[in-house]
K.L.:
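Sharing a structure here in structure tokens format.
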Amino acid sequence: MARTSKKAQAVTETMADQVADAEVRSVGEAATEIVGTLPAPEVEAASGAVDFIPLNKLKKSPRNARKTPHSEAIIEALAASITVKGLLQNLVVEPELDAAGEPTGSYFVTVGEGRRLAQLLRVKRREIRKTEPVRCVIDTANDPHEISLDENVTREAMHPADQFEAFRELAENRGWGAEEIAARFGVTAHVVRQRLRLGAVSPKLLQVYRDGGLNLDQLMAFAIAEDHGRQEQVFANLSYNREPWIIRRDLTKAHIPATDRRAIFIGPEAYAEAGGTILRDLFTEDRGGFYEDAALLDRLVTGKLERIAAEVQAEGWKWVSVHIDYPHAHGLRRAYPQPVELSEEDAAAYAAAQEEYNRLSEEWDGAEELPPEADERFGVLEADMERIDALRHIYDPDDIARGGVLVVLSHDGTTRIERGFIRAGDEKPEPEEAAENMRVTEDGEIIEDGTDDKDGNPVSAFDAEDADAGDAGKPLSDLLVRDLTAHRTLGLRLALGEQPDMALVAVTHAFATQTFYRGAEATCLEIRPTSSTLTAHADGIEDTAPAKALADRHAGWAADMPRDVADLWGFIAALDQASVLALFAHCASLTVNAVRLPWDRKPRVHETADRLATALALDMTAHWTPTARTYLSRVTKAHIAAAVREAVSDEAADRIAGMKKQPMAEAAEQLVAATGWLPALLRTEQPAWLDAPEADAGVVLNAPTATSRDDTGTVEDGAAFNHAAE
């Protein structure tokens with residue numbers, strides 16, 4: 001590489017002496033001054049000289065040791081840094097020679113290719129000209145490949161902890177925001193926020209990180225909280241298991257996730273306005289963060305529910321009770337609204353809205369997208385019809401005066417308003433009925449049958465002679481009444497067994513009396529439906545969407561029930577067959593109990609439950625989803641892997657097999673979410689009729705399964721049981 005002449009070597013020595021004598025001058029100034037004194041046509045640039053070379057004269061060196069190109073992010077960062085701070089580090093170049101060994105006027109960049117590309121990016125953005133002078137050190141003495149390798153190998157990167165703290169100092173001491181710091185260092189504002197958050201971790205934990213006691217993932221987990229004391233406390237309490245998810249769990253165990261129904265109900269804006277803070281995890285998907293002050297959130301929820309309750313109580317209810325969790329064991333009787341006829345004005349308004357709705361539906365049938373005015377009109381019509389529909393059922397004014405309302409936070413973060421509950425102290429006093437087995441003596445004394453008179457003679461029944469002498473209006477003896485009614489019961493059993501349609505009405509009536517009327521002994525069938533509460537077996541099950549759907553179905557039927565249980569038979573008998581079947585099915589459904597308890601020894605019960613599920617073609621994917629909370633974090637890792645293997649693939653299961661349990665459960669939740677996978681206990685064997693030909697299947701599915709009642713609960717289609725109505 002000794003391509004310089006003796007004269008050039010002498011110049012190099014002279015330059016070195018002058019630089020040593022002039023410490024106040026920069027190397028660049030000295031080199032420029034010395035090189036400027038040389039006759040340009042006679043001598044090429046000396047090795048070690050500093051020169052400002054036009055950018056378009058710089059080329060990529062073919063002997064650069066770095067073969068993998070710089071990433072776009074690095075070039076962006078270098079360009080941003082140069083824009084703000086200038087070129088802090090010289091480029092090292094060598095002259096390009098032609099075939100004859102003469103300089104071409106261009107230079108190969110041995111060290112600083114990334115900075116050259118950053119400058120070219122600035123040219124592309126029209127920030128500088130392509131002839132922008134670039135400060136370079138000309139090196140013709142060393143092997144370009146060796147110094148390129150040396151420049152990339154012989155260096156030590158700053159420790160990440162030092163970088164995090166340096167970013168934090170820029171923010172605190174200079175007042176720079178994340179966007180300004182990002183612009184100066186060519187990174188995104190999100191990356192800057194992450195580094196600022198890491199720099200704000202307790203200095204004690206940062207030192208542990210420097211010493212190798214924590215890895216970066218663990219440090220990022222600590223960064224979710226800003227309280228240094230809390231961070232240090234969690235660190236001190238960690239056992240051998242220091243998984244990041246455990247650290248996050250311990251730091252946020254007293255906080256409320258943004259997915260909680262309370263947080264959804266209040267919203268981040270109202271919570272922050274009340275002085276609450278939300279912890280954000282900048283390193284994982286936090287789904288909205290964590291609400292730090294649980295007590296404040298509960299107060300806000302209660303306050304908002306109380307404001308809603310005040311509006312509801314204005315309807316005239318005696319009391320309103322507010323609850324965050326539904327009080328399932330309230331023990332109150334519930335009254336439901338009764339169907340009423342619409343006024344002529346409301347009926348006409350409903351008919352007009354329905355007619356316009358149908359006309360618009362026909363007009364825009366097939367349209368891919370509705371124009372804004374049509375969509376708005378549809379919304380107005382739907383709101384009007386819903387408002388008038390609500391007038392078809394009203395509560396009895398007496399029930400409103402005696403009853404109350406439960407205002408509860410629902411499972412999905414909305415308000416659940418349950419009206420019509422009657423407290424025991426507010427119940428109407430029951431009318432006194434004539435006492436049975438009582439009679440009055442000649443002296444006006446009221447005595448009970450089965451007692452003795454003053455002489456010790458039994459007076460439980462009339463003497464035979466008195467009965468014979470009395471009139472025909474006197475009651476029959478108890479013994480005879482029992483005898484006659486026993487024969488009648490036998491006749492009823494025989495007749496009912498010969499008329500299935502009447503048996504359906506009778507059983508439905510027996511179910512309904514005990515399902516919808518409290519303490520009503522109004523059925524002669526000795527059938528006692530029982531409905532076990534599921535709350536004790538699965539926490540929160542009563543607040544799920546399927547439970548809400550069942551409650552809505554029950555409320556719909558309850559609203560149709562006559563107020564007096566004595567009128568129930570006529571109500572059921574007047575229904576068409578499909579409606580009777582639907583009411584029967586609803587009452588029967590409430591008696592189902594397929595819960596498996598560890599102490600139960602009822603194999604036949606569970607076999608029947610499986611057969612019932614098959615007969616119903618039960619699809620639990622419509623009612624239950626495997627999540628980390630509901631299933632995956634409650635089973636072993638082997639079960640998690642088996643679920644992913646079955647639902648997705650062996651490869652997917654293998655990818656998560658090495659994770660710790662909680663991250664593995666969370667990852668599995670994402671993998672199986674949309675696959676429809678179910679654990680074995682929730683699967684239903686396919687019914688045989690699904691495999692049958694369509695013609696045969698049509699026969700199987702021919703039975704009606706839905707009601708055909710209109711909104712007022714009256715018969716819409718189909719004849720009622722004629723003889724039942726009699």
Side-chain angles (χ1 to χ4, degrees), residues 1 26-28 31 45 47-97 104-164 166-167 170 176 178-192 194-195 216:
M1 297 299 298
S26 68
V27 174
S47 180
V50 177
D51 197 359
F52 287 87
I53 301 173
L55 178 61
N56 60 351
K57 295 294 185 180
L58 299 177
K59 298 181 178 180
K60 180 180 179 180
S61 173
R63 287 181 281 187
N64 194 313
R66 182 189 290 272
K67 303 303 180 184
T68 303
H70 294 80
S71 66
E72 293 183 3
I74 290 296
I75 302 304
E76 287 279 358
L78 288 171
S81 176
I82 295 172
T83 300
V84 177
K85 296 176 280 290
L87 193 63
L88 300 179
Q89 187 176 359
N90 298 325
L91 277 66
V92 178
V93 299
E94 63 167 331
E96 181 188 35
L97 304 178
T104 64
S106 296
Y107 295 82
F108 288 126
V109 177
T110 305
V111 174
E113 174 63 15
R115 297 188 289 280
R116 185 185 75 88
L117 294 176
Q119 289 289 64
L120 290 177
L121 178 60
R122 297 183 66 205
V123 171
K124 184 178 180 180
R125 293 174 175 174
R126 300 184 181 278
E127 296 178 5
I128 58 175
R129 298 169 301 165
K130 62 181 180 180
T131 57
E132 179 79 9
V134 179
R135 187 170 61 247
C136 302
V137 174
I138 301 172
D139 190 324
T140 57
N142 296 300
D143 178 18
H145 183 272
E146 181 181 348
I147 62 173
S148 173
L149 178 64
D150 196 4
E151 192 260 348
N152 284 282
V153 173
T154 312
R155 62 176 181 172
E156 183 178 5
M158 176 186 289
H159 193 281
D162 299 334
Q163 181 187 141
F164 304 151
F167 269 72
L170 289 177
W176 291 348
E179 287 74 13
E180 185 171 359
I181 296 176
R184 287 177 169 271
F185 289 89
V187 294
T188 65
H190 180 68
V191 170
V192 173
Q194 288 181 328
R195 294 175 182 174
L216 182 58

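Treat the numbers as computed from the prediction; the structure is a model and nothing was measured.
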K.L.:
One pair to check against side-chain contact (heavy atoms from CB on, under 4.5 Å): K130 and L120. What are the steps and the verdict?
P.N.:
CA-CA 7 Å; K130 62 181 180 180; L120 290 177; over 6 Å; no

K.L.:
My understanding is that only residues two or more places apart in sequence, or in another chain, count here; which of them pass salt bridge (charged side-chain N to carboxylate O under 4.0 Å, His left out) with E132?
P.N.:
none

K.L.:
What donor-acceptor contacts under 3.5 angstrom involve side-chain atoms of residues 83-91, with partners at least two apart or in another chain?
P.N.:
residue	atom	partner	partner atom	Å
T83	OG1	A79	O	2.7
T83	OG1	R122	NE	3.3
T83	OG1	E127	OE1	3.3
K85	NZ	R184	O	2.9
N90	OD1	R135	NE	2.5

K.L.:
Holding to side-chain hydrogen bond (donor to acceptor under 3.5 Å, both in side chains), I want the full list of residues that pass it with K124, two or more places apart in sequence or in another chain.
P.N.:
none

K.L.:
What pair of heavy atoms forms the shortest contact from Y107 to P95, and how long is it?
P.N.:
CD2-CA, 3.5 Å

K.L.:
So, for E179 and A189, which heavy atoms are closest and what is the spacing to 0.1 Å?
P.N.:
OE2-CB, 4.1 Å

K.L.:
Run the salt bridge (charged side-chain N to carboxylate O under 4.0 Å, His left out) test against R126 and tell me which residues pass, sequence neighbours left out.
P.N.:
none

K.L.:
Please answer whether the main-chain N or O of I53 pairs with a side-chain N or O of D51 as donor and acceptor at a distance below 3.5 Å.
P.N.:
no

K.L.:
E76: what forms a salt bridge (charged side-chain N to carboxylate O under 4.0 Å, His left out) with it, not counting sequence neighbours?
P.N.:
R125

K.L.:
When rounded to the nearest 0.5 angstrom, what distance separates CD in E94 from CD in E96?
P.N.:
9.5 Å

K.L.:
Please report the closest heavy-atom contact between I75 and G114, naming both atoms and the distance.
P.N.:
CD1-O, 3.8 Å

K.L.:
Do side-chain atoms of S148 reach the backbone of A65 as a donor and acceptor pair under 3.5 angstrom?
P.N.:
yes

K.L.:
Please find the pair of heavy atoms, one from Q119 and one from I128, that lie closest to each other, and give the distance.
P.N.:
O-CD1, 3.6 Å

K.L.:
Mind checking what makes salt bridge (charged side-chain N to carboxylate O under 4.0 Å, His left out) contact with K60, not counting sequence neighbours?
P.N.:
none

K.L.:
What is the minimum heavy-atom distance between T110 and P144, and which atoms define it?
P.N.:
CG2-O, 3.1 Å

K.L.:
Kindly say whether N56 contributes a backbone atom to a donor-acceptor pair with the side chain of K59 at under 3.5 angstrom?
P.N.:
no

K.L.:
Taking all atoms of both residues into account, what is the closest heavy-atom pair of S61 and V109, and its distance?
P.N.:
CB-O, 3.1 Å

